[in-house]
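Owing to the predicted nature of the structure, the values given are computational and were not obtained by experimental measurement. Reckoned from all heavy atoms, side chains included, excluding hydrogens, waters and symmetry mates.
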Amino acid sequence: MQPAQTVQSLRSARPARALRIAVVGGGPGGLYAAVLLKRLDPAREVTVYERNAPDDTFGFGVVLSDETLGGIENADPDVYAALRGHMVRWDDIDVVHRGRTLTSSGHGFAALSRRTLLATLHARCRELGVVLRFRAPAPPAAELAHAHDLVVAADGVHSATRAAHADIFGPSPLTHRCRYIWLAADFALDAFRFEIAETGYGIFQLHAYPYARPAPAAEGRDRGASTVIVEAREEAWRAAGFDRLDERASAERCAELFPETLAGRPLRGNNSQWTAFRTVVNDRWSHGNIVLLGDAAHTAHFSIGSGTKLAVEDALALAACVREQPALPEALAAYEAERKPVVASTQRAARASLTWFEELDGYIAQPPHRFAFNLLTRSRRVTHDNLRLRDPDFVAATEREAGIPAGTPPMFTPFRLRGLTLRNRVVVSPMDMYKSPDGLPGDFHLVHLGARALGGAGLTMTEMVCVSPRGRITPGCAGLWTDEQEEAWRRVTGFVHAQSPTAALGLQLGHSGRKGSTKLMWEGIDDPLPEGNWPLVAPSPLPYRPGVSQTPREVTAHQMGVVREEFAASARRAARAGFDLLELHCAHGYLLSGFLSPLTNRRTDAYGGSLAARLRYPLEVFDAVRAAWPAERPMTVRISATDWAPGGTTGEEALRIAAAFAEHGADAIDVSTGQVVADERPDFGRSYQTPYADRIRNVLGVPVIAVGALSSWDDVNSLILAGRADLCALARPHLYDPHWTLHAAAEQNYTGPGAPWPAPYRAGSRTPPTGRTDAPKPRLVL
């Protein structure tokens with residue numbers, strides 16, 4: 001078939017007549033989808049089913065970004081013009097923390113009454129000829145699908161359509177740990193406002209913003225209006241007795257909690273109920289000619305103001321795809337492909353935000369500016385550099401409070417671990433190189449590790465160095481069990497200390513456990529060797545990849561003693577070789593990690609069962625290594641804070657694991673995640689692992705190293721200044737650029753002691769010009 005024939009056949013799939021469309025749900029997303037679908041083809045028959053009356057609405061104000069408003073303006077200038085006059089705009093965010101109000105400016109918000117938004121969309125629907133059926137529960141979507149070409153299910157977070165076809169859509173709802181209630185105040189705030197109330201029952205927080213300005217001719221009677229959301233952890237909410245109060249009593253109690261914002265002024269409800277937020281994710285968004293939109297397809301926590309925004313943007317994308325694609329199946333596939341990545345990114349930011357508020361008690365003792373900076377950057381969408389552009393005075397005040405010298409980015413401040421002072425907060429993360437035949441590092445390691453230490457990082461880590469031949473992952477993994485290996489490592493440390501005297505070099509020590517005897521990564525990651533395999537041991541005889549990987553033997557008590565001494569012997573060699581720091585690898589499913597996870601430890605002896613029992617052997621190894629390692633040199637431990645799999649290590653267990661190692665003398669916890677079981681489902685995304693480090697640091701007060709898709713110096717500055725991490729480990733950026741840290745300093749115009757350029761490289765310490773700079777400046781444009 002020729003390409004032209006293919007296109008023609010696809011186009012013929014579109015009905016010759018105009019589409020008949022049913023929209024289930026008369027919220028902003030459903031109404032706006034109806035408007036656009038009708039406007040793009042007036043011949044279409046579009047009907048909206050809404051079970052409530054036209055003037056019924058829940059909630060009060062909605063926040064829309066400039067990006068969303070720009071999309072509305074481009075798609076339907078009439079709707080934009082009708083909304084523009086009702087918009088309330090402001091730039092400030094106020095954070096009230098222990099009686100002190102800190103203001104950050106330059107943010108840019110727009111909001112309006114939800115009732116006004118709906119009324120505007122009702123009017124536009126009627127103008128275009130959309131049929132609005134109020135007080136009319138929609139027929140089942142499957143029934144509508146027989147009589148219509150397209151059914152848009154915009155029926156909200158409790159979508160009946162989604163529930164009826166759950167086997168197709170594959171919803172994964174997750175209920176979170178806070179209760180919240182939507183209320184309103186009859187006066188207009190002049191900023192987005194967060195106020196934290198510390199009570200005898202627990203912490204309550206207020207999120208509030210204006211959505212209506214005072215009417216000019218109201219002579220004081222109309223003072224505008226603000227949305228007020230009150231939120232608390234479930235246990236605090238119950239302890240305070242809110243579970244026994246009706247709407248009016250709840251509003252009265254909430255008004256008493258926040259004197260700085262409300263100053264005795266009342267709150268009111270609108271069928272307001274306390275509820276727990278549910279994050280909704282669906283595997284698929286369409287089924288035949290039925291498509292999900294807005295909260296039916298996805299939800300994102302209100303603390304980033306995204307629900308209406310996402311629904312409206314869904315409507316824009318759906319209408320555009322129906323217009324652009326030759327047939328409805330292609331249109332629905334294109335809509336899902338376009339929106340899913342955007343929504344996933346927003347949901348990651350929303351989860352980071354809601355988790356921050358769930359864990360608020362871990363931050364409440366922070367100094368005022370750090371607390372406010374932490375709150376403002378909680379979703380990871382606002383960053384240090386971004387906030388510095390918006391409000392440089394606020395960021396400068398936060399840095400002064402933290403004792404950071406003027407002109408010094410947070411990443412270039414020193415950090416002390418036991419007897420070692422690191423010149424900056426950047427760590428070259430351990431990365432397996434698979435370039436050590438018989439465990440022997442050579443010229444490759446001298447160049448690889450030497451280049452990255454010269455490249456400016458405060459601490460450069462080796463790959464996992466194995467304690468025995470049978471503890472290797474692959475035949476190419478580095479080791480430290482012979483005199484020859486020890487001398488080879490001494491050559492590397494000697495070069496680093498001579499050529500970059502303020503750089504530190506750390507060694508990560510580990511044993512592969514059940515993940516050993518495999519091919520080099522680029523030959524087949526985690527695939528067993530075709531020949532020359534060595535026997536494996538693990539806490540339990542469970543293969544890493546059932547049916548593929550070698551089944552390990554359950555390690556005996558005698559073997560555990562042998563391995564423990566191998567760790568201690570390698571630690572003594574590491575000390576003689578001149579390493580500055582030693583890290584014990586208890587993550588990623590290797591031997592010691594295998595003891596910690598309930599998914600890989602099924603033992604019934606003293607080393608299995610409860611978490612305390614699962615911790616026993618890793619702590620025994622830690623103690624042996626700590627005793628062998630010089631007392632003045634620091635020791636860290638890398639853990640997997642979650643297995644990303646049902647039944648695996650929980651967040652609470654990760655805290656207990658970190659606390660146990662800290663109590664035994666660990667100077668910092670290197671917080672990674674996953675790689676424990678092959679069927680894991682990680683929630684990948686920018687800096688996706690850092691919340692686990694954040695929680696350990698701020699709940700336990702233990703120094704942490706954060707890892708996980710950190711790729712910019714802006715990420716590092718943000719995490720350090722917010723107090724979410726003490727050190728940041730980056731892997732791939734240092735593969736891309738061995739001088740990543742020095743280049744980060746140059747890009748930030750920093751030339752201090754936190755990023756010293758080696759003398760031979762100083763001529764390159766400024767970003768080279770990328771084009772001609774002497775051209776005459778244009779004066780006239782004709």
Side-chain angles (χ1 to χ4, degrees), residues 436 438-440 462-475 477-486 489 507-518 528-529 532-544 549-577 579 582-597 600-609 612-629 635 637-639 660-661 664-666 676:
S436 300
D438 299 319
L440 184 67
T462 69
E463 62 202 87
M464 185 178 91
V465 174
C466 306
V467 299
S468 69
R470 292 187 174 187
R472 293 174 296 162
I473 309 167
T474 76
C477 287
L480 189 48
W481 64 82
T482 70
D483 293 344
E484 187 181 10
Q485 292 163 353
E486 180 182 324
W489 284 118
L507 180 132
Q508 186 186 71
L509 205 57
H511 186 295
S512 62
R514 69 174 186 161
K515 295 178 74 175
S517 193
T518 61
L529 291 169
N533 287 280
W534 55 86
L536 305 179
V537 294
S540 299
L542 303 170
Y544 179 63
S549 302
Q550 181 186 153
T551 298
R553 295 191 182 99
E554 181 170 292
V555 63
T556 66
H558 172 72
Q559 290 170 326
M560 289 161 63
V562 171
V563 171
R564 183 171 60 245
E565 179 49 37
E566 288 172 344
F567 270 96
S570 292
R572 287 188 285 270
R573 290 187 181 280
R576 293 195 298 267
F579 284 98
L582 188 144
E583 179 166 282
L584 187 64
H585 201 339
C586 297
H588 300 169
Y590 299 121
L591 181 64
L592 300 181
S593 170
F595 274 91
L596 294 173
S597 172
T600 51
N601 184 343
R602 306 288 176 81
R603 300 176 74 97
T604 57
D605 61 6
Y607 293 95
R614 301 198 309 269
L615 266 164
R616 190 186 307 274
Y617 184 62
L619 289 175
E620 288 179 0
V621 173
F622 178 91
D623 290 342
V625 172
R626 182 66 269 185
W629 183 244
M635 187 170 163
V637 177
R638 173 168 277 203
I639 67 170
F661 282 115
H664 280 245
V676 174

Could you give the side-chain donor-acceptor pairs of residues 590-597 under 3.5 Å, partners two or more places apart or in another chain?
| residue | atom | partner | partner atom | Å |
| --- | --- | --- | --- | --- |
| S593 | OG | G589 | N | 3.0 |
| S597 | OG | L599 | N | 3.1 |
| S597 | OG | D643 | OD2 | 2.7 |

Step-by-step side chain to side chain contact (heavy atoms under 4.5 Å, CB included) determination, Y607 to R614: CA-CA 5 Å; Y607 293 95; R614 301 198 309 269; over 6 Å; no
Q550 and P528, any side-chain heavy atoms less than 4.5 Å apart: no
Nearest 0.5 angstrom please: R514 CZ to T551 OG1, how far? 10.0 Å
Pairwise distance OG(S549) to CG(L542) - rounded to 0.5 angstrom: 11.5 Å
Taking all atoms of both residues into account, what is the closest heavy-atom pair of I473 and C466, and its distance? N-SG, 4.3 Å
Which distance, rounded to the nearest 0.5 Å, do you find between the CG of L582 and the CH2 of W629? 5.0 Å
Step by step, work out the side chain to side chain contact (heavy atoms under 4.5 Å, CB included) result for V563 and Y617. CA-CA 11 Å; V563 171; Y617 184 62; 3.5 Å; yes
Any Lys/Arg nitrogen of R573 or E484 sitting under 4.0 Å from an Asp/Glu carboxylate oxygen of the other? no
Before you tell me yes or no, could you show the steps for Y544 and T600 under side chain to side chain contact (heavy atoms under 4.5 Å, CB included), namely the whole-Å CA-CA distance, both residues' side-chain angles and the distance that decides it to 0.1 Å? CA-CA 9 Å; Y544 179 63; T600 51; over 6 Å; no
How close do L584 and P618 get, counting heavy atoms only, and between which atoms? CD2-O, 4.3 Å
With a 4.5 Å cut-off on side-chain heavy atoms, are C586 and F661 touching? yes
Residues W489 and A478: closest non-hydrogen pair is CZ2-CB, 3.7 Å
Enclosure of R626 CZ (heavy-atom neighbours >12, cutoff 6.0 Å): yes
Donor-acceptor pair, T482 side chain versus Q485 backbone, under 3.5 Å? yes
Please name the pair of heavy atoms, one in G608 and one in N601, separated by the smallest distance, quoted to 0.1 Å. CA-OD1, 3.6 Å
Quick one: does any side-chain atom of R603 pair with a main-chain N or O of P539 as donor and acceptor, under 3.5 Å? yes
Taking CG in D623 as the centre, count heavy atoms belonging to other residues, nucleotides or ligands within less than 6.0 Å. Is the count above 12? yes
Can you tell if the side chain of V537 reaches within under 4.5 Å of the side chain of H511, non-hydrogen atoms only? yes
Main chain of A606, side chain of R616: is a donor-acceptor contact present, judged purely on distance under 3.5 Å? yes
Can you find a heavy atom in the side chain of M635 that is under 4.5 Å from one in the side chain of E583? no
Kindly indicate whether the side chain of W534, heavy atoms from C-beta on, has any atom under 4.5 Å from the side chain of P475. yes
Atom pair CG (L480) and OG (S436), whose distance is rounded to the nearest 0.5 Å: 11.0 Å
Which atom of S540 lies closest to which atom of R602, heavy atoms considered: OG-N, 2.7 Å
Is it true that a side-chain atom of K515 and a backbone atom of H588 form a donor plus acceptor pair closer than 3.5 Å? yes
Worked check of side chain to side chain contact (heavy atoms under 4.5 Å, CB included) between R638 and Q508: CA-CA 9 Å; R638 173 168 277 203; Q508 186 186 71; 3.8 Å; yes
Could you check whether any side-chain N or O of T474 sits under 3.5 Å from a backbone N or O of T518, counting only pairs where one atom can act as donor and the other as acceptor? no
Within this structure, what is the CE-CD distance for the pair M560 and E565, rounded to the nearest 0.5 Å? 15.0 Å
Mind listing the closest non-hydrogen atom pair of P469 and R472 along with its distance? O-NE, 2.9 Å
Rounded distance (nearest 0.5 Å) linking atom CG of N533 with atom CZ of R470: 11.5 Å
Check the surroundings of atom CZ in R553: do more than 12 heavy atoms from other residues, nucleotides or ligands lie under 6.0 Å from it? no
